[in-house]
Asker: 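Here it is: the structure, laid out below.
As the structure lists them, so they are numbered: ligands from 1, and atoms in each ligand from 1.
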Amino acid sequence: MSNVRQALAEQLAEAVFQALAEDLTRQERALLIVSGGSTPVPFFKALAAKPLPWSRIDITLADERWVDEQSSDSNAKLVRENLLQGAAANANFVPLTSDASTPEEGVEEVAKRTASLSWPASVVILGMGGDGHTASLFPDSLELGLALSTDEPLVAVRTPSQPQPRITFSAGRLHQAHRHILHITGDDKRSVLANAMNGDDVRKLPIRAFLSCPLAIYWAP
Ligand SMILES: O=C1O[C@H](COP(=O)(O)O)[C@@H](O)[C@H](O)[C@H]1O
């Protein structure tokens, strides 16, 4: 981990800490939506060390692979091992999978479970892949149009470029959050983001769906 990426993760953790603490002065509970992948690990560790009233914080994911939680591909496993540590283990974490064998069969149950969270979310932290996907809104997903337009909170997603089926919060549900943050690293992702900002089609670069939220960008080389 480079020093600049570590510093970025710490700055992001401080910003999320301040946002959650601020919202908790006005409301009993606050919801944080995080992303999976490899980028958020140092951020998770830095946030876990913050002196928040964790038992008043709900945490869920922007998206998830439909895999067992013991799988190394599970975003929930990543959150449990890196964010829900120490005092942060008192947070109420709601994962996005169920015992159903497919996301199409399980999406309704997960939607019921997530309905009890403290919406609208205080903060959504998005990641982005090199193909411009964010959450599980992939350019080659069969359900991209649906996920970009539906009023439903969650969508089951099949994506030819991805080995597993997935579940994702819809763009509409993520848009409702009070604050939107994009956390990315590396020159490749910076170029992808620049292309998205320069006006490529949202179906080619789905991150475009969040550029006017407004979106705070946390980037390091
Ligand atoms: O598949 C996913 O990838 C993106 C980006 O992940 P990274 O490894 O490039 O940081 C992530 O935002 C998303 O939640 C995850 O499911």
Asker: Closer than 4.0 angstrom, basic N to acidic O: yes or no for Glu152 and Arg173?
Answerer: no

Asker: Below 4.0 angstrom from a heavy atom of Thr39, which ligand 1 atoms are there? Numbered from 1 as shown, please.
Answerer: 7 (P), 10 (O)

Asker: So does Asn198 have more than 12 non-hydrogen atoms from other groups sitting under 6.0 Å from CG?
Answerer: yes

Asker: Give the residue and atom name of whichever protein heavy atom lies nearest to atom 12 (O) of ligand 1, and the separation in Å to one decimal.
Answerer: Gly127 CA, 3.3 Å

Asker: Between Trp54 and Phe17, does the ring centre distance come in under 6.0 Å?
Answerer: no

Asker: Could you tell me which atoms of ligand 1, counted from 1 in the order shown, lie closer than 4.0 angstrom to a heavy atom of Lys189?
Answerer: 7 (P), 9 (O), 10 (O)

Asker: Heavy-atom distances under 4.0 Å decide this one: backbone, side chain, both or neither, for Thr134 against ligand 1?
Answerer: neither

Asker: Are Asp23 and Arg179 close enough for a salt bridge, meaning some N to O gap below 4.0 Å?
Answerer: yes

Asker: Looking at ligand 1, is there an atom of it that comes within less than 4.0 Å of some heavy atom belonging to Arg166?
Answerer: yes

Asker: With heavy-atom distances below 4.0 Å as the criterion, list the atoms of ligand 1 near Arg65.
Answerer: 1 (O), 2 (C)

Asker: Among all protein heavy atoms in this structure, tell me which lies nearest to atom 3 (O) of ligand 1, with the distance rounded to 0.1 Å.
Answerer: His133 NE2, 3.2 Å

Asker: Of all the non-hydrogen atoms in the protein, which one sits nearest to atom 15 (C) of ligand 1, and at what distance?
Answerer: Asp63 OD2, 3.7 Å

Asker: When you measure from atom 8 (O) of ligand 1 to every protein heavy atom, which one gives the shortest distance, and what is it?
Answerer: Ser38 N, 2.8 Å

Asker: Distance under 4.0 Å to a non-hydrogen atom of Asn75: what atoms of ligand 1 satisfy this?
Answerer: 16 (O)

Asker: Check whether more than 12 heavy atoms from other residues, nucleotides or ligands sit under 6.0 Å from atom CD of Glu108, and answer yes or no.
Answerer: no

Asker: Take atom NZ in Lys45; do more than 12 heavy atoms of anything else shown fall under 6.0 Å from it?
Answerer: no

Asker: Students should be able to answer this: which protein heavy-atom is nearest to atom 6 (O) of ligand 1, and at what distance?
Answerer: Gly37 CA, 3.6 Å

Asker: Measuring from atom 11 (C) of ligand 1, which candidate in Gly36, Ser136, Ala135, Gly186 has the nearest non-hydrogen atom?
Answerer: Gly36

Asker: Please determine whether a side-chain nitrogen of the Lys or Arg among Glu28 and Arg56 lies less than 4.0 Å from a carboxylate oxygen of the Asp or Glu.
Answerer: yes

Asker: Would the distance check show the side chain of Thr134 and the main-chain N or O of Ile207 forming a donor-acceptor pair, the cut-off being under 3.5 Å?
Answerer: no

